[in-house]
**Student:** 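There's a structure below that I have some questions on.
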Protein chains: 2
Amino acid sequence: MATEGFEAVTVARTAAAAGISVGLVQHYFPSKDDMLLHAFTHARNRTQQRVLADAQRADLSGARIEHILLDALTELLPLDERRRRECRVELAFTGRTVDNPRLAQSLGESNAHLRAMLAQAIRNGKECGEVPNATDDSTKAARILATLDGLKLHAYIEPDTMTPTAARAALAEQLRRVFTGPCDHRPSTKRTRR
Amino acid sequence: MATEGFEAVTVARTAAAAGISVGLVQHYFPSKDDMLLHAFTHARNRTQQRVLADAQRADLSGARIEHILLDALTELLPLDERRRRECRVELAFTGRTVDNPRLAQSLGESNAHLRAMLAQAIRNGKECGEVPNATDDSTKAARILATLDGLKLHAYIEPDTMTPTAARAALAEQLRRVFTGPCDHRPSTKRTRR
DNA sequence: TTCATAACAATACAGCCATACGATTATGGG
DNA sequence: CCCATAATCGTATGGCTGTATTGTTATGAA
């Protein structure tokens, strides 16, 4: 999918690429749609857990939440060839989502998870003064995620207009508007951080 | 495409829906891809010209550019059933764009056009004090468009989380950050607008 | 050891779809 | 009126692909 496109994916070729038989693929996935759904869910979970782990590691450094988030979300942008490939399959899947309820549900759950983590991060930001208390974390989280996806799309489709660095800058601006408070370094006390 | 999804589109069914023969479709479109490309380009141009016309008409009222833009761009969001259908085909096409260079180019040109109009509107905003002179119109235009697409996607896929009004509000906030100046009403002198 | 079940392979099949092709009818300029 | 060309149709076809089927081997519990 990453190298030849979504349409080039057939169960026969998938089996061949995996070095197994078509029958074995069928043994585990009753239909092609099941296989694709699994691939999608699996891929998203994997990258999601990857950036989550990075964020948690960065959190220990006591850096500003705003900056941790920026780095974490930037990871989801098509910055280099590897991440471009990831974006390619994700965007292709997202496109099918429109016509495929099962894919749509999987995407919805994944996004809900991301949003929840973002909202938690914003709430943590309130705790240590980076975010004004009046901020509606859910709303802001949803907006940040939507912006991220928009940037992802444009950075992929039109890399000349929306360069990776430009996308990152746009994301930074978006975060800047939520994390308006000072507090350059946080206390090293225990804090609830997912 | 709007009612049964992208994959349900076949040249035979398309011909039937148009009340003509398969051969005639081939007469005008050498291949199915050509047909699809035409459909995409045509659809985008049509809605683009529609919102442009609306914006020009609204411009005569002397309203704030910020508000004119908000209304115009909101038109591209899946607010009601009609616009939901439009978004469906657009999103489906956008998804294929990732694997189809010809579609990608068409989308690129269309977006470039939109961005140019947006940038011009921002420049006009500078003229009448709605926008600070230091603003980089190209960058802001690109960001607004990316945000719009992100909101479009999320409002379509997850209408419960990103409701139409929420999407509009997010767009309004984004515009608010560019059109920071006062100037509640503009002079009725001639101005270069698009 | 036995045997049910999982893992795995090879192939057959049936449907669908884009495209090719040949033929027929309209049409408008000379 | 002629005739080249466009418009239009109906159908054939060949390739591809998802899935069903059948068969074989491994495995692990009883």
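Chain letters run A, B, ... following the sequence lines, proteins first and then strands; every chain starts at 1.
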**Student:** Of all the choices, D/dG18, C/dC8, D/dT8, which nucleotide is nearest to the side chain of A/S21 once you look at every atom?
**Tutor:** C/dC8
**Student:** With nearest nucleotide decided by heavy atoms, which residue, A/E7 or A/G23, maps closer to the 5′ end of DNA chain D?
**Tutor:** A/E7
**Student:** C/dC8, OP1 or OP2 - any side-chain N/O from A/Y28 closer than 4.0 Å?
**Tutor:** yes
**Student:** Is B/S31 close enough to C/dA18 that one of its side-chain N or O atoms is under 4.0 Å from OP1 or OP2 there?
**Tutor:** no
**Student:** Looking only at the side chain of A/V22 (C-beta and beyond, no hydrogens), which of the listed nucleotides C/dT11, C/dC8, C/dT19 gets closest?
**Tutor:** C/dT11
**Student:** Atom CG of A/D33 to atom P of D/dG18: distance rounded to whole Å?
**Tutor:** 10 Å
**Student:** If the threshold is 4.0 Å, N to carboxylate O, is there a salt bridge linking A/R13 and A/E7?
**Tutor:** no
**Student:** Using whole Å, what does the distance between atom C1' of nucleotide C/dC17 and atom CG of B/L36 come to?
**Tutor:** 14 Å
**Student:** Find the distance A/L24:CG to D/dG23:C1' and express it as a whole number of Å.
**Tutor:** 15 Å
**Student:** Take atom CE of B/M35 and atom C1' of C/dC17, then tell me their distance rounded to the nearest Å.
**Tutor:** 12 Å
**Student:** Expressed in angstrom and rounded to an integer, what is the separation of A/I20 atom CD1 from C/dA9 atom P?
**Tutor:** 7 Å
**Student:** Does any N or O donor sit under 3.5 Å from an N or O acceptor when you compare the side chain of A/Q26 with the base of D/dA20?
**Tutor:** yes
**Student:** Can a salt bridge be assigned to the pair B/E90 and B/R46 using a cut-off of 4.0 Å between side-chain N and carboxylate O?
**Tutor:** no
**Student:** How many whole angstroms separate atom CZ of B/F29 from atom P of C/dC17?
**Tutor:** 19 Å
**Student:** Return no unless some side-chain N or O of B/H27 is found under 4.0 Å from OP1 or OP2 of D/dT8.
**Tutor:** no
**Student:** For a quick check under 3.5 Å, do B/T74 and B/D71 share a side-chain donor-acceptor pair by atom type?
**Tutor:** no
**Student:** I'd like to check A/P164 versus A/R83 (side-chain heavy atoms, cut-off strictly below 4.5 Å). Are they in contact?
**Tutor:** no
